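This report concerns only the one structure given below.
Just so it is clear, the model here is predicted, and its values are computed rather than measured.
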Amino acid sequence: MSQTTFLDWPVIRQLRGADKTGRGTAVMSQKTRSTTSRTATADGVAQSVCPYCAVGCGQRVFHKDGRVIQIEGDPDSPVSRGRLCPKGAASEQLANSTLRQTKIKYRPPHATEWQDLDAEVAMDMIADRFIEARRNHWEDVDEQGRAVRRTMGIASLGGATIDNEENYLLKKFFTAAGAIQMENQARI
C-alpha cells in the first residue's frame, strides 16, 4: 500500500488542481480512480430480449471468458429504449445462479429419481412422442363425415417472449402437423 503525503489530501488537491469546487477528481481516492465498470472489461456484448414478460424489452448481455458478467437495458430497443423493470435488470442472476439447471433431467414413469440425458436423446424422445401422439389421435373426418385431416393429440402453447417470426414458424409447423390447438401465452 502506498504512503499518502500531505499533498495527497483532497483539500490540497482541490486547491492545487483544476477542480476548485471539490466535486470531481480532486476528491476521488486512488481506489475510485482505478475502478472500472464491469462492461469496460467485457470480451463482447450480445443483443437479447428479456426472458420474463411479453413486453419484449431489449437487453445488452455483456460476457467475458464465456460467462455473462452484466445485463443492461438496450438503448437501441424501440420497445424499452434502454429501460428494464426490476426483474429484467436482475436477469444476470438468472444466467449465473448456482441453482440453474444446465443438464436435461428426465424421470421415467414410476421412477423416484431424476437422471441426466444427452440433448440428442431427449430430442429423439420428444420427436417420437410427438409422432406417436399425432398418429394415435389423427382424424380424417369429423362426426358429420366432413374432411378435417387434423389431430387433437398435439397442442402448442407459445412462450411470452416469442417474437412474431418465431410464432409464424411455430404456427406453420403445427399446422403442417395437423394440430389445431395453438395459443400464445401473451394472449392468455
Side-chain angles (χ1 to χ4, degrees), residues 19 23-25 27-108 113-130 133 153-177 179-188:
D19 183 18
R23 291 184 286 177
T25 57
V27 292
M28 285 186 187
S29 68
Q30 179 57 37
K31 183 178 179 182
T32 301
R33 282 194 295 272
S34 65
T35 302
T36 60
S37 70
R38 287 185 294 261
T39 59
T41 62
D43 293 337
V45 61
Q47 289 184 310
S48 186
V49 176
C50 181
Y52 288 108
C53 74
V55 174
C57 295
Q59 291 183 324
R60 297 176 74 201
V61 181
F62 295 88
H63 54 89
K64 182 175 184 171
D65 300 328
R67 185 173 181 272
V68 174
I69 59 169
Q70 178 71 12
I71 296 179
E72 297 179 352
D74 186 356
D76 296 330
S77 169
V79 174
S80 57
R81 297 185 309 246
R83 296 187 271 300
L84 293 174
C85 72
K87 285 177 79 173
S91 57
E92 177 271 332
Q93 296 169 9
L94 175 71
N96 293 324
S97 172
T98 57
L99 301 174
R100 182 177 180 183
Q101 292 293 325
T102 57
K103 296 182 179 179
I104 297 170
K105 300 284 189 183
Y106 173 69
R107 191 179 70 174
E113 300 293 324
W114 291 92
Q115 54 186 279
D116 294 339
L117 287 182
D118 290 330
E120 190 172 317
V121 171
M123 293 302 285
D124 287 343
M125 289 172 68
I126 293 168
D128 292 343
R129 291 173 183 180
F130 184 93
I154 302 169
S156 170
L157 176 60
T161 58
I162 294 177
D163 61 28
N164 285 342
E165 292 78 11
E166 290 167 315
N167 273 320
Y168 175 81
L169 293 173
L170 280 172
K171 171 71 172 155
K172 289 292 188 185
F173 172 76
F174 279 95
T175 301
I180 60 169
Q181 303 170 108
M182 288 166 274
E183 188 56 79
N184 188 306
Q185 182 181 340
R187 285 187 10 168
I188 294 177

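- Phe174 approaches Ala155 most closely through the heavy-atom pair CE2-O, 4.1 Å.
- The CD atom of Glu72 lies 5.5 Å from the OG1 atom of Thr39; values are rounded to the nearest 0.5 Å.
- When all heavy atoms are compared, the tightest approach of Gly88 to Ile71 is O-CG2, 4.5 Å.
- Of all heavy-atom pairs spanning Pro108 and Gln115, the tightest one is CG-NE2, 3.0 Å.
- When all heavy atoms of Leu84 and Ala89 are compared, the pair lying nearest together is CB-N, 3.8 Å.
- His63 and Ala46 make their closest contact through CD2-N, 4.5 Å (heavy atoms, listed as atom of the first residue, atom of the second, distance).
- In this structure, CD in Gln70 is found 11.0 Å from CZ in Arg60, a value given to the nearest 0.5 Å.
- A donor atom on one side chain and an acceptor atom on the other are found under 3.5 Å apart for Ser91 and Gln59.
- Contact check for Val79 versus Val55: side-chain heavy atoms found under the 4.5 Å cut-off.
- No more than 12 heavy atoms of other residues, nucleotides or ligands lie within 6.0 Å of CD in Gln93, so this atom counts as exposed by the packing criterion.
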Inset, instruction - Determine, stepwise, if the pair Thr41 / Thr36 fulfils side chain to side chain contact (heavy atoms under 4.5 Å, CB included). - result: CA-CA 8 Å; Thr41 62; Thr36 60; 4.0 Å; yes

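- Judged by distance alone, the side chain of Asp43 and the main-chain N or O of Asp65 form a donor-acceptor pair under 3.5 Å.
- Within the 4.5 Å cutoff, side-chain heavy atoms of Met125 are placed close to those of Leu117.
- Residue Lys105 qualifies as enclosed at atom NZ: its count of foreign heavy atoms under 6.0 Å is above 12.
- Residues Arg67 and Asn96 are in side-chain contact: their nearest non-hydrogen atoms beyond the backbone lie under 4.5 Å apart.
- A distance of 9.5 Å separates CE of Met182 from CG of Leu170, quoted to the nearest 0.5 Å.
- The shortest non-hydrogen separation linking Ser77 to Gly58 is OG-N, 3.4 Å.
- One finds the CD atom of Gln101 at 8.5 Å from the CG atom of Asp116 (value rounded to the nearest 0.5 Å).
- The ring of Phe173 has its center closer than 6.0 angstrom to the ring center of Phe130.
- Interatomic distance, OG1 of Thr175 versus CD1 of Ile180, reported as 10.0 Å (0.5 Å rounding).
- Taking OH from Tyr52 and SG from Cys57, the interatomic distance works out to 12.5 Å, rounded to the nearest 0.5 Å.
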